[in-house]
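Notes follow the structure.
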Number of protein chains: 2
Amino acid sequence: MGVPPGPGQRLVGGCQTGRGLLPAPHKLLPPGEEEEEEEGEEGACRRAGPLLSRARMGVCSAAPHRCVWSRWDPLRWLRSFQRRTLARSSAPGALQQGKPPGVPAGAVSRPWGLRPGGRRGLRTAPPGSQEVMLTSERYGVRRLPFSPLSDSDLAFFEGLMPGRVITNPEELEPFNVDWLRSVRGCSKLMLKPQTTAEVSQVLRYCYERNLAVNPQGGNTGLVGGSIPVFDEIILSTVLMNRIISFDKVSGILVCQAGCVLEKLNEYLEEQGFIMPLDLGAKGSCHIGGNVATNAGGLRLLRYGSLRGTVLGLEVVLADGSALDCLASLRKDNTGYDLKQLFIGSEGTLGVITAVSILCPQKPKSVNLAFLGCQSFAKVLETFTTCRAMLGEILSAYEFMDEKCMELVEKHLKLSSPVAGSPFYVLIETSGSSSTHDEEKLNNFLERAMTSGLVTDGTVATDDKKIKTLWSLRERITEALTHDGYVYKYDISLPVGKLYDLVSDTRARLGRSAKNVVGYGHLGDGNLHLNITADSYSHSLLDAIEPFVYEWTARHNGSISAEHGLGFKKKQFIQYSKPSEAVLLMQRFKAMLDPKGILNPYKMLPSSS
Amino acid sequence: MGVPPGPGQRLVGGCQTGRGLLPAPHKLLPPGEEEEEEEGEEGACRRAGPLLSRARMGVCSAAPHRCVWSRWDPLRWLRSFQRRTLARSSAPGALQQGKPPGVPAGAVSRPWGLRPGGRRGLRTAPPGSQEVMLTSERYGVRRLPFSPLSDSDLAFFEGLMPGRVITNPEELEPFNVDWLRSVRGCSKLMLKPQTTAEVSQVLRYCYERNLAVNPQGGNTGLVGGSIPVFDEIILSTVLMNRIISFDKVSGILVCQAGCVLEKLNEYLEEQGFIMPLDLGAKGSCHIGGNVATNAGGLRLLRYGSLRGTVLGLEVVLADGSALDCLASLRKDNTGYDLKQLFIGSEGTLGVITAVSILCPQKPKSVNLAFLGCQSFAKVLETFTTCRAMLGEILSAYEFMDEKCMELVEKHLKLSSPVAGSPFYVLIETSGSSSTHDEEKLNNFLERAMTSGLVTDGTVATDDKKIKTLWSLRERITEALTHDGYVYKYDISLPVGKLYDLVSDTRARLGRSAKNVVGYGHLGDGNLHLNITADSYSHSLLDAIEPFVYEWTARHNGSISAEHGLGFKKKQFIQYSKPSEAVLLMQRFKAMLDPKGILNPYKMLPSSS
């Protein structure tokens, strides 16, 4: 262990960048000699077989870095890496990955893997954190003329759903602030219906009384869409968490809107299926919220968007009428597809109460490759190469820059088996034959290495290790919140232009920003551009906006790929949609919710 | 050749049913002996390798039918079969499969593979054919108070698009009748715009003048949606056939609405991609029509519906205003997804003028298995087995009953290498490695044979032979038209119930129908139920409807899986949609087309 690299050789997998987190577990072996694998550990990361053979065949002399990776034992390395990571994550006070089991229905939702109480801990923990300013004050919003809540209103709701009417300010607090601590409302009432009939009665009453309503799922949104701006009644789906049916022949799941995504996935996995979407907030987000925001996430590359996988919806409209489009059919061309209007409408057109969704079979074999690239051009070329070579088994292609890696290491104490590269990519394959999938992956890795697209890397096949590697990518959002106030941008661009926006923004902001980072779903052309600063400032915001939006529009991108517009982006819709389209949207809104009581101040610009 | 089967053995691939179309090309060999393959033919159908081994291992004694298939040489058989088929299809006057190359833009479109002039030939050829009755007379429809066409209208259009204004009744005739010869209008004018601006000008004029408009693509629809009911102006997309852009990195194609599906696929294949949809009418149908009817077809099982693959649309609304939602981004969550409302709206909300669509990579390896099953229960079990074993490479699972096979053989003189089964399934795999795919397919076939799910079968890997086998399934629609007047039903049902509807309808109609057949996209839960009779009769229609719709509604199905409602099904929408949904659809229609000039008498019920 710890043999220094020879001339022209570069170590991979160990700690070469001076961040000092890791011992050096790599080992250089003489050509033709392999280190023995440790016994007794199931599903270990596997060696990149063909690469070893190539090294022995003398290919290494032409490209030294290949030899290093070929001879490095990812199995042993990842084991020690894994031990260290797990030891850290179980330390007292550490953030917990995923949702702990056995949390009762109705408990406060914990977005992005925070444990109960994590929200409060977070309030004082990150540097520069402070009391969240009211949205209405920070952004200078004027309250629309909705009725104020009266005692008789409260009496009505208490009669309708006794014990599920929350008015205690302390209990209400977490539902009045978003997880990013960037927007805050002052709702005085939260209702927790259990059935569609109750949602219907609530909305019928609110519509008649002209009371504004803020539908809320897991409250994991990133654009302020799930938080009241003023005193809107919070209508929570937290108790609507019943699975209605699952058909193993068709793979169609029907459930209430408040089911937590991760719970659904766990339920399906027991039946040999998975949810067609996956995202970092899975431990808290509700499927209804996912549909209402047309969530994208990590599996879109493989299974497509919710517009294809959602087969039916049940929705309650602003006036309380229920619309039953909860079909469980893969094909149905009888009239306009009304459910599509509610997918991605962010609670402004109706409240989704139940979802019918097509679920793919659980793949029998999953592999993950985590690779280092020396430039963004190589990230792109690696993508086109792996898409061609992995074909139907490619299920994710994610990228992150070295700044992301630094933040994840610094704030969450995670460590990566691959270091010292300006860019990292995470390639997941999912298929029905581990032998075939590994052969395809090995062929691709060999090509990527021999052509110099990729310089470092590791491969995992075991569930636990796959999760550990995924967490490097999935927990970037969480790491960013520890870095200060976060300005978040979720941009669609032609893939070739994706990283130029990060570089240009970084150059523009200079030292006025703490960090400017880029990561995201490269396979979908989706960049998450994030800028951190010690605290919120109008002047920094003015330096970023509308610069980022103008840049995006100039390159025919979208200013919101998957996060939606919510409160924070609604005024910028015109950068991605022509005025005729926005006007038409406003006509739809006026038709379906003439009093505008559903999630006001969100998604559509106040005036146009 | 021609050795009679021994006791307990059943011949496959030859003609045992007395239809006398084929010599018997099968050959029974002693155990352990294989017939030599012919040389010099590329990409031949391959033997089911493992099955041969099993047969030699003595498995055959327990299940004689397995031995027959094992020893039968599909390669040689399919070669002779292919020669016969090709010889027939090139005979004078024969129907031609696929569209011939080099047809000039603007030529009369030829649905379902008919060659130019085929339409007229068809009019007299099928038994029982007769002049098509006017829709308004057959169904007793009253004309809505649109303005009649005036000389000044004609002058305006002639000024706008000189030479592309068709008023000659003979030229108009094929566009006033559907391909099934079931509906007929009396339009006196067809316009052939080339640009979105022209479509816009036409509609603005029509809207002001209150002239009704019937948008028309390839006129391959099956529910009378593309044919005028009275004298609506036919607005054809036939000259809007320009490919605007294709990006090889993202796989995103942008093109005008009048591009023919097959032409697009040919263009993409040259770049290593394919269209995400495929259907029997591909040689004539326009992509704009595909989107307007939310066409399903043969690749939906693998690539999902157009709701997921269509990324953007350009649409001209009833008043002539153009709506540019022609994004080329995989993800875009900026406001309501307006394009979804136009997908599947059958030309009643706007005229689609351009489409942006995500195209998958062309698979490197395609295999086709054509198999015989002894019951529908076995068809279903074969499906769940192959879905589990073929996983990500399964790209189609189609079924047809023996009646379909009889009609294809009788009317089109096609012949099948697999015969004598009550049901047939067609399983296609598409993947990136022929070795892996064949191994998966062989494993599945072995399981299917040993467990008795499948009794006969053949496998093809070569393009030409794959097409020949596909034609047995794809040309059923065409064969049915030769059998007389066709009552067509396109039903979504839970797969377990799919064939019960065929059996129940057959029992109900008895001898009043000529043939009752069932086939379709089993993998999508989509049944095509077709009933033929010598000619149209009200009494037979009354025996079928609403029986079929009530049966479907009772089993939570959809009365139109992929064909849409058009003219013929619009009054039955309530069997699949609640009245609240229909009312909402009517409100959308009233909002977007207040004068109702776009494709009147279609999709939505006249009153509700």
Side-chain angles (χ1 to χ4, degrees), chain A residues 249-250 294 296 304-305 307-308 321 323-325 327-338 340-341 343-345 361 384 391-393 431-433 436 440 492 494-496 524-526 556-565 573 576-578 580-582 584-585 587-588 591 603-604, chain B residues 249-250 294 296 304-305 307-308 321 323-325 327-338 340-341 343-345 361 384 391-393 431-433 436 440 492 494-496 524-526 556-565 573 576-578 580-582 584-585 587-588 591 603-604:
Chain A
V249 176
S250 61
N294 189 29
S305 84
R307 302 210 171 269
S321 58
L323 189 65
D324 179 4
C325 295
S328 292
L329 299 164
R330 196 143 178 198
K331 288 160 126 180
D332 177 21
N333 275 354
T334 52
Y336 310 142
D337 192 358
L338 297 177
Q340 295 290 345
L341 207 56
I343 299 176
S345 67
Q361 292 180 99
T384 48
E392 64 279 4
I393 64 164
S432 57
S433 159
H436 293 168
K440 287 189 179 92
S492 266
V495 285
D524 312 324
N526 184 181
N556 302 313
S558 165
I559 65 147
S560 178
E562 59 177 14
H563 292 173
L565 296 169
I573 190 172
S576 293
K577 289 286 153 69
E580 298 80 13
V582 178
L584 196 51
M585 291 178 203
R587 288 172 69 194
F588 283 130
M591 190 180 108
M603 197 171 197
L604 293 178
Chain B
V249 177
S250 62
N294 189 28
S305 84
R307 302 209 170 269
S321 58
L323 189 64
D324 178 4
C325 294
S328 293
L329 301 163
R330 195 142 178 198
K331 288 159 126 180
D332 177 21
N333 275 353
T334 52
Y336 309 141
D337 192 359
L338 297 176
Q340 295 291 345
L341 207 59
I343 299 175
S345 67
Q361 291 180 100
T384 49
E392 64 279 3
I393 64 165
S432 57
S433 160
H436 293 169
K440 287 189 181 92
S492 266
V495 284
D524 312 324
N526 185 180
N556 302 312
S558 166
I559 65 148
S560 176
E562 59 176 15
H563 292 171
L565 297 169
I573 190 172
S576 293
K577 289 287 154 67
E580 297 81 11
V582 178
L584 196 52
M585 291 176 202
R587 287 172 68 194
F588 282 127
M591 190 180 109
M603 198 172 197
L604 293 178

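Per chain, numbering begins at 1; letters A, B, ... match sequence-line order.
The line from CG of Asn294(B) to NZ of Lys331(A) is 9.5 Å long, rounded to the nearest 0.5 Å. Rounded to the nearest 0.5 angstrom, Ser250(B) OG and Asp524(A) CG are separated by 11.5 Å. Rounded to the nearest 0.5 Å, atoms CG (Asn333(A)) and CE (Met603(B)) are 7.5 Å apart. Residue Arg330(B) holds its CZ atom at 12.0 Å from CD of Glu562(A), rounded to the nearest 0.5 Å. Remark: Met585(B) CE to Thr334(A) OG1 distance equals 6.0 Å, nearest 0.5 Å. Note that NZ of Lys440(A) and OG of Ser433(B) are 5.0 Å apart. Values are rounded to the nearest 0.5 Å.
Here Ser560(B) is the residue among Pro578(B), Ser328(B), Ser560(B) with the most heavy-atom pairs under 4.5 Å with chain A. Between chain B and the options Gly296(A), Ser432(A), Ser345(A), the largest number of non-hydrogen pairs under 4.5 Å is found for Ser432(A). For the set Cys325(B), Gly335(B), Gly496(B), Gly391(B), the entry with the most heavy-atom pairs within less than 4.5 Å of chain A is Gly335(B). Residue with the most contacts toward chain B among Ala327(A), Gly304(A), Gly431(A): Gly431(A) (heavy-atom pairs, distance under 4.5 Å). Ranked by heavy-atom pairs under 4.5 Å with chain B, the list Asn556(A), Asp332(A), Asn526(A) is led by Asp332(A). Ranked by heavy-atom pairs under 4.5 Å with chain B, the list Thr384(A), Leu565(A), Ile393(A) is led by Leu565(A). Listed options Gly344(B), Gly564(B), Gly308(B), Ser305(B) were ranked by heavy-atom pairs under 4.5 angstrom with chain A; first place goes to Gly564(B).
For Ile559(A), the parts lying near chain B are the backbone and the side chain together; criterion is any non-hydrogen pair under 4.5 Å. Of the two parts of Glu392(A), the backbone and the side chain both hold a non-hydrogen atom closer than 4.5 Å to a non-hydrogen atom of chain B. Looking at Val495(A), only its side chain comes within 4.5 Å of chain B, counting heavy atoms on both sides.
With hydrogens and angles ignored, the 3.5 Å screen pairs no side-chain donor or acceptor of Glu580(A) with any backbone N or O of Asp324(B).
Listed by chain and residue number, Asp337(B) satisfy the salt bridge (charged side-chain N to carboxylate O under 4.0 Å, His left out) test with Arg307(A) (two or more places apart in sequence, or in another chain). The side-chain contact (heavy atoms from CB on, under 4.5 Å) search around Leu329(A) returns Ser492(B), Ser558(B), not counting sequence neighbours.
Between Phe588(A) and Phe588(B), the ring-plane angle classifies as perpendicular under the 30° and 60° cut-offs.
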